[in-house]
A.B. asks: 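Sending over a structure as structure tokens; questions will come in a sec.
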Amino acid sequence: MLDTPAAAVPTLSLADQDRDPDGFAAALGGSFERFGFAIVADHGVPQDLIGRAWAETAALFALSEEEKRGYHVPGAGGARGYTPFKTEIAKDARHVDLKEFWHVGRELSAGHRYSADMPANVWPARPEGFKDTFLALFEAFDRAGDRLLSAIARHLGLAPDWFDPAVRDGNSVLRLLHYPPIPADAEGVRAGAHEDINLITLLLGAEEAGLELLERDSGRWLAIKPPAGAMVVNVGDMLQRLTNHVLPSTTHRVVNPPPERRGHSRYSMPFFLHPAPDFLIETLPQTITLERPDRYPTPITANGYLHERLVEIGLIKK
């Protein structure tokens, strides 16, 4: 029952970071510790670029099924290009998600040391300008993510640039999501209850109804309704593991709309900020105490962890 106001998840301004970096870090970290989520305004991603991206996302998914499937790479785990409708499933869910999506990753130079783990992007012939738009948007998300990670580092008592080498050339993914119109008797939901795999997720498009988080204290689902233009930011499982659950990765979902809205599509653009493939996810010593023993005594690389999780959600077959 959604009887807790959505304003319980605070809206912060990234512009405050320049004026009071410690204060912003404390506010962001506090929201993450309480909810695993925060709402961030003034994030610096240009609104005209966002508008162009929305238009091209709608045009992309309006292409014929045959044309879109021409950009699907079987066996690649959905890492780049198109993933068809009803492919991904939340861990332990009974029904596949009611969505299709497109992945844009980092552009690497020829012969880059991460080329074996980070495949080349797939670019559609249409809509015109797609590549330029989404490379620019990827870069803008990257900059915003770096600023947020700096605040997280401060909150954890680390140097503000602690995450810089971890995410330099990181395996981040920009996902363009389309939830098509659905019949009233559809099985499943647009996105089943899940946690994200990565360090943090930066999400545009959540101002359209549907996103809910599971509040740990009450067990209630809380609707997330950010102000127009703001982004939702949440902790992923890699950061939860790194911080020994000081910063928790919170279960969330995208529920189906009411019957009168089921004939409408829903779009969103999450940016999954990942470290480099060889980054070692090893519990930060300051997060281990007698009351909070180390949950993860065996470190794992980011790429190893990602592979495990992609198998769980059905994007990679065992």
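Sequential numbering from 1 along the given sequence is applied to the chain's residues.
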A.B. asks: So His103 and Thr83, side chain to side chain donor-acceptor pair (under 3.5 Å) or not? Walk me through it.
C.D. replies: CA-CA 8 Å; His103 276 174; Thr83 296; 5.6 Å; no

A.B. asks: Passes side-chain contact (heavy atoms from CB on, under 4.5 Å), Leu213 versus Val9? Steps please.
C.D. replies: CA-CA 10 Å; Leu213 70 85; Val9 178; 4.0 Å; yes

A.B. asks: Looking at CE of Met269 and CE of Met231, how far apart are the two atoms once the value is rounded to the nearest 0.5 Å?
C.D. replies: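 Reported value, rounded in 0.5 Å steps: 9.5 Å.
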
A.B. asks: Say you draw a straight line from CZ of Arg220 to CD of Glu212; how long is it, rounded to the nearest 0.5 Å?
C.D. replies: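 So the gap between those two atoms works out to 12.5 Å.
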
A.B. asks: Given 3.5 Å as the limit, does a donor-acceptor pair link the side chain of Gln240 with the main chain of Ser249, or not?
C.D. replies: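 Yes; judged by distance alone, with no hydrogens or angles, the pair exists.
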
A.B. asks: Quick one: are Val45 and Leu202 in side-chain contact, heavy atoms under 4.5 Å?
C.D. replies: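 No, their side chains stay 4.5 Å or more apart.
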
A.B. asks: Dump the intermediate steps for salt bridge (Lys or Arg N to Asp or Glu O under 4.0 Å) on Asp146 and Arg168, then the final yes or no.
C.D. replies: CA-CA 10 Å; Asp146 285 346; Arg168 188 174 297 120; over 6 Å; no

A.B. asks: Sub-3.5 Å donor-acceptor pair from the side chain of Arg309 to the main-chain atoms of Ile197, do we have one?
C.D. replies: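 Here the side-chain-to-backbone pair does not exist.
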
A.B. asks: Which of these passes side-chain contact (heavy atoms from CB on, under 4.5 Å) with Tyr114: Asp169, Asn303, Asn171?
C.D. replies: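 The side-chain contact (heavy atoms from CB on, under 4.5 Å) with Tyr114 is passed solely by Asp169 among Asp169, Asn303, Asn171.
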
A.B. asks: Test your reading of the model: is there a side-chain donor-acceptor pair from Arg106 to the backbone of Gly170, 3.5 Å cut-off?
C.D. replies: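 Confirmed, Arg106 side chain pairs with Gly170 backbone.
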
A.B. asks: Do Arg216 and Thr250 get their side chains close enough for a donor-acceptor pair, meaning under 3.5 Å?
C.D. replies: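 A donor-acceptor contact under 3.5 Å links the two side chains.
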
A.B. asks: Quick one: CZ on Phe272 to CG on Leu203, what's the gap to the nearest 0.5 Å?
C.D. replies: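 That separation rounds to 8.0 Å.
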
A.B. asks: Judged by modelled atom types alone, do Ser13 and Asp42 share a side-chain donor-acceptor pair under 3.5 Å?
C.D. replies: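 The criterion, which ignores hydrogens and geometry beyond distance, is satisfied for Asp42 and Ser13.
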
A.B. asks: Using the side-chain contact (heavy atoms from CB on, under 4.5 Å) rule, pick out the option among Val235, Thr289, Thr287, Ile288 that qualifies with Val246.
C.D. replies: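 When side-chain contact (heavy atoms from CB on, under 4.5 Å) is applied between Val246 and each of Val235, Thr289, Thr287, Ile288, only Thr287 qualifies.
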
A.B. asks: Which pair of heavy atoms, one from Ala41 and one from Thr11, lies closest together, and at what distance?
C.D. replies: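 Heavy atoms only, the tightest pair is CB-CG2, 4.3 Å.
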
A.B. asks: Is it true that Phe134 and Trp102 have ring centroids separated by less than 6.0 Å?
C.D. replies: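 That pair fails the under 6.0 Å test.
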
A.B. asks: Show the numbers, then the answer: is there a side-chain contact (heavy atoms from CB on, under 4.5 Å) between Glu100 and Lys68?
C.D. replies: CA-CA 10 Å; Glu100 58 181 340; Lys68 287 184 292 187; 3.0 Å; yes

A.B. asks: Could you check whether atom CD of Gln47 has more than 12 heavy atoms from other residues, nucleotides or ligands sitting under 6.0 Å from it?
C.D. replies: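 Yes, CD of Gln47 has more than 12 neighbouring heavy atoms, counting only those of other groups under 6.0 Å.
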
A.B. asks: Okay, side chain of Gln17, backbone of Arg147: is any donor-acceptor separation there less than 3.5 Å?
C.D. replies: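 Checking the backbone N and O of Arg147 against the side chain of Gln17, a donor-acceptor pair under 3.5 Å is found.
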
A.B. asks: For Phe37 and His252, I'd like to know if the aromatic rings sit close, meaning centre-to-centre distance below 6.0 Å.
C.D. replies: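 That pair passes the under 6.0 Å test.
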
A.B. asks: The test is ring pair (Phe, Tyr, Trp, His ring centres under 6.0 Å); show your working for Phe141 and His43 and say whether it passes.
C.D. replies: CA-CA 9 Å; Phe141 268 122; His43 43 70; 7.9 Å; no

A.B. asks: Going through the checks in order, is the side-chain contact (heavy atoms from CB on, under 4.5 Å) test met by Leu12 and Phe24?
C.D. replies: CA-CA 8 Å; Leu12 311 175; Phe24 177 80; 4.0 Å; yes

A.B. asks: Run the side-chain contact (heavy atoms from CB on, under 4.5 Å) test on Phe130 and Leu176 for me, step by step, so that the C-alpha distance in whole Å, both residues' side-chain angles and the decisive distance to 0.1 Å come before the verdict.
C.D. replies: CA-CA 12 Å; Phe130 184 92; Leu176 315 180; 3.6 Å; yes

A.B. asks: Quick one: CZ on Arg175 to OG1 on Thr57, what's the gap to the nearest 0.5 Å?
C.D. replies: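 Answer rounded to 0.5 Å: 13.0 Å.
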
